[in-house]
Amino acid sequence: MIRQPFHLVQLSPWPVTAAIGAFTLAIGLTSWFHNHGMWSLYLGFIITILTMIQWWRDVIREGTYLGHHTSMVVKGLRAGMILFIASEVAFFFSFFWAFFHSSLAPTPSLGCVWPPTGIDPINPYAVPLLNTAVLLASGVSVTWAHHSMLELSRKDTLLALLITVTLGLYFTFLQAEEYLEAPFSIADSVYGSTFFVATGFHGLHVLIGTTFLSVCLIRAYLSHFSQGHHFGFEAAAWYWHFVDVVWIFLYICIYWWGS
C-alpha cells in the first residue's frame with residue numbers, strides 16, 4: 001500500500017440525505033406559501049438537522065480521532081472555505097445591486113424619491129445601531145477565542161466562544177423584535193422587498209454562524225482542538241467575520257443611507 005497525504009473519502013449517504021432534505025424543505029416552503037400545510041416543511045427540517053449532526057460527526061471523527069486531516073488535506077479545506085465565502089460575497093452583492101438599482105434612480109411608481117412615498121423607514125440609531133455594536137463585539141470575542149486557543153488557554157477559549165454564541169443569539173432576538181415592530185412589510189414596494197430579503201438572509205447567516213460556533217464550543221470543551229490543529233474553528237471564525245462585514249455594509253447602505 002502506497003502512503004499519500006490525501007484523504008480518500010469513503011462512500012457516505014449524507015450528501016444524498018442532504019439533497020433529499022433540501023428538496024423537501026423547498027416543497028414545504030412552497031406548500032406553506034400557498035396555505036397547504038407545514039408538514040413537509042417540518043419533515044425537511046428534521047431530515048436536514050439529522051444529516052448535519054451525522055455528517056459533522058463523521059468529519060469530526062475523521063479529523064480528530066482517525067488523523068485523516070493531514071496538512072495537505074487542511075490546505076484543501078482552507079481553499080474550499082475561501083471559495084465558499086467568495087460565493088457568499090457574490091450572493092450578497094446581488095442584493096446590494098437590487099437595492100442601489102432602485103434607490104439611486106427611483107422611478108415615478110416610487111414617487112421619484114427614496115424611501116418610496118408612504119414608507120416609514122426604521123430609525124438607524126435605534127435597534128440597528130445596537131445590533132451593529134453586538135456584532136462588532138462578537139467579532140472581538142471570536143478573535144479573543146482564537147488567540148486563547150493559540151496560547152493554550154482553554155478557560156479563556158471557552159469563555160470567549162460562549163460570549164460569541166450568546167451575542168449571536170442576542171442579535172437574532174433583536175432582529176426578530178425589529179421585524180415584528182417594523183412599520184412596513186416585504187410586500188410594501190421594492191423598499192420592503194430589498195430590505196427584508198437582504199437583512200433576512202443576513203439573519204439566516206447569523207443563525208448558521210452561531211450554529212458553527214456552538215459546535216466549536218462543544219468541541220473545545222471536549223478538547224478536540226490543539227494549538228496547531230483547529231481548522232474547524234478557524235473556518236467558523238472566518239465565516240463569522242464575513243457575517244460581520246456584510247452587516248456593516250447593510251447598516252451603512254440600507255439602514256443609514258437608505259433611510
Side-chain angles (χ1 to χ4, degrees), residues 1 3-22 24-25 44-88 138-139 141-169 172 204-243:
M1 178 179 175
R3 296 189 61 82
Q4 43 81 23
F6 302 102
H7 175 211
L8 302 179
V9 182
Q10 300 296 318
L11 291 177
S12 171
W14 310 132
V16 177
T17 59
I20 294 172
T24 309
L25 270 176
F45 269 121
I46 292 172
I47 295 174
T48 302
I49 291 172
L50 290 178
T51 299
M52 288 167 55
I53 292 173
Q54 307 220 56
W55 201 344
W56 283 349
R57 177 206 62 186
D58 288 353
V59 172
I60 291 170
R61 180 184 296 157
E62 292 166 357
T64 306
Y65 301 113
L66 300 181
H68 291 326
H69 289 184
T70 62
S71 59
M72 289 296 293
V73 173
V74 171
K75 184 178 179 180
L77 292 174
R78 289 179 186 276
M81 191 65 190
I82 290 171
L83 290 174
F84 171 67
I85 292 177
S87 72
E88 293 284 270
S138 70
S141 60
V142 78
T143 303
W144 175 28
H146 192 196
H147 284 281
S148 299
M149 195 173 292
L150 294 176
E151 294 171 1
L152 300 178
S153 177
R154 184 171 181 269
K155 180 180 178 181
D156 286 348
T157 300
L158 294 174
L159 177 59
L161 275 174
L162 180 61
I163 291 173
T164 307
V165 171
T166 303
L167 290 173
L169 294 174
T172 302
L204 176 63
H205 282 69
V206 170
L207 281 174
I208 294 171
T210 304
T211 303
F212 288 169
L213 291 171
S214 298
V215 173
C216 289
L217 175 59
I218 296 171
R219 294 189 65 192
Y221 178 76
L222 297 175
S223 300
H224 285 183
F225 299 127
S226 65
Q227 189 177 33
H229 193 81
H230 53 266
F231 176 70
F233 168 76
E234 279 187 310
W238 291 356
Y239 187 86
W240 195 253
H241 287 308
F242 160 74
V243 169

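Quick caveat, the model's predicted, so the values are computed rather than measured.
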Item to check | Separation of I20 CD1 from T48 OG1 (nearest 0.5 Å) | outcome: 10.5 Å
Item to check | Sequence-distant partners of T166, side chain to side chain contact (heavy atoms under 4.5 Å, CB included), two or more places apart | outcome: L162
Item to check | salt bridge (Lys or Arg N to Asp or Glu O under 4.0 Å) partners of residues 74-85, not counting sequence neighbours, each pair once | outcome: R78-E234
Next on the checklist: For a quick test of reading the model, state the closest non-hydrogen atom pair linking T17 to I47 and the distance between them.
Outcome noted: O-CG2, 3.5 Å
Item to check | Partners meeting side chain to side chain donor-acceptor pair (under 3.5 Å) with T172 (sequence neighbours left out) | outcome: none
Next on the checklist: Looking at every non-hydrogen atom in both residues, tell me the closest pair between H241 and T143 and how far apart they are.
Outcome noted: CE1-OG1, 3.3 Å
Next on the checklist: If I compare all heavy atoms of V74 with all of H69, which pair ends up nearest, and what's the gap?
Outcome noted: CG2-O, 3.8 Å
Next on the checklist: Determine whether T164 and S141 satisfy the following criterion, side chain to side chain donor-acceptor pair (under 3.5 Å), listing intermediate values before the conclusion.
Outcome noted: CA-CA 6 Å; T164 307; S141 60; 2.6 Å; yes
Checklist outcome for this item: To the nearest 0.5 Å, atom CD1 of I163 lies from atom CG of L158 at 11.0 Å
Next on the checklist: Going by side chain to side chain donor-acceptor pair (under 3.5 Å), name the residues that satisfy it together with H68, two or more places apart in sequence or in a different chain.
Outcome noted: none
Tabulate below the donor-acceptor pairs under 3.5 Å that side-chain atoms of residues 216-225 make, not counting sequence neighbours, or state none.
residue: R219; atom: NE; partner: H224; partner atom: ND1; Å: 3.2
residue: R219; atom: NH2; partner: T64; partner atom: OG1; Å: 2.9
residue: H224; atom: NE2; partner: Y65; partner atom: OH; Å: 2.9

Checklist outcome for this item: To the nearest 0.5 Å, atom CG of L161 lies from atom CH2 of W144 at 10.0 Å
Item to check | pair W56-T211: side-chain heavy atoms closer than 4.5 Å | outcome: yes
Checklist entry - Can you name the closest pair of heavy atoms from F45 and L25 and give their distance? => result N-CD2, 3.7 Å
Checklist entry - Who pairs with H230 by ring-ring contact (aromatic ring centres under 6.0 Å, His included), at least two apart in sequence or on another chain? => result H146
Checklist entry - Under the side chain to side chain contact (heavy atoms under 4.5 Å, CB included) test, which residues partner L204, sequence neighbours left out? => result F201, I208
Next on the checklist: Can you list everything that forms a side chain to side chain donor-acceptor pair (under 3.5 Å) with R61? Sequence neighbours excluded, please.
Outcome noted: none
Checklist entry - Quick one: side chain to side chain contact (heavy atoms under 4.5 Å, CB included) partners of A19, sequence neighbours excluded? => result none
Checklist entry - So, T157 side chain and M149 main chain: donor-acceptor pair closer than 3.5 Å or not? => result yes
Next on the checklist: Checking W238 now: which residues fulfil ring-ring contact (aromatic ring centres under 6.0 Å, His included) with it, not counting sequence neighbours?
Outcome noted: F231
Checklist outcome for this item: Taken in chain and number order and not counting sequence neighbours, the residues that satisfy side chain to side chain donor-acceptor pair (under 3.5 Å) with E62 are none
Item to check | Residue pair Y239 / I85: nearest heavy atoms and the distance that separates them | outcome: N-CD1, 4.2 Å
Next on the checklist: If you compare all heavy atoms of W240 against all heavy atoms of G209, which two are closest, and at what distance to 0.1 Å?
Outcome noted: CZ3-C, 3.6 Å
Next on the checklist: Enumerate the salt bridge (Lys or Arg N to Asp or Glu O under 4.0 Å) contacts for residues 151-166, please, sequence neighbours excluded, ordered by first and then second residue.
Outcome noted: none
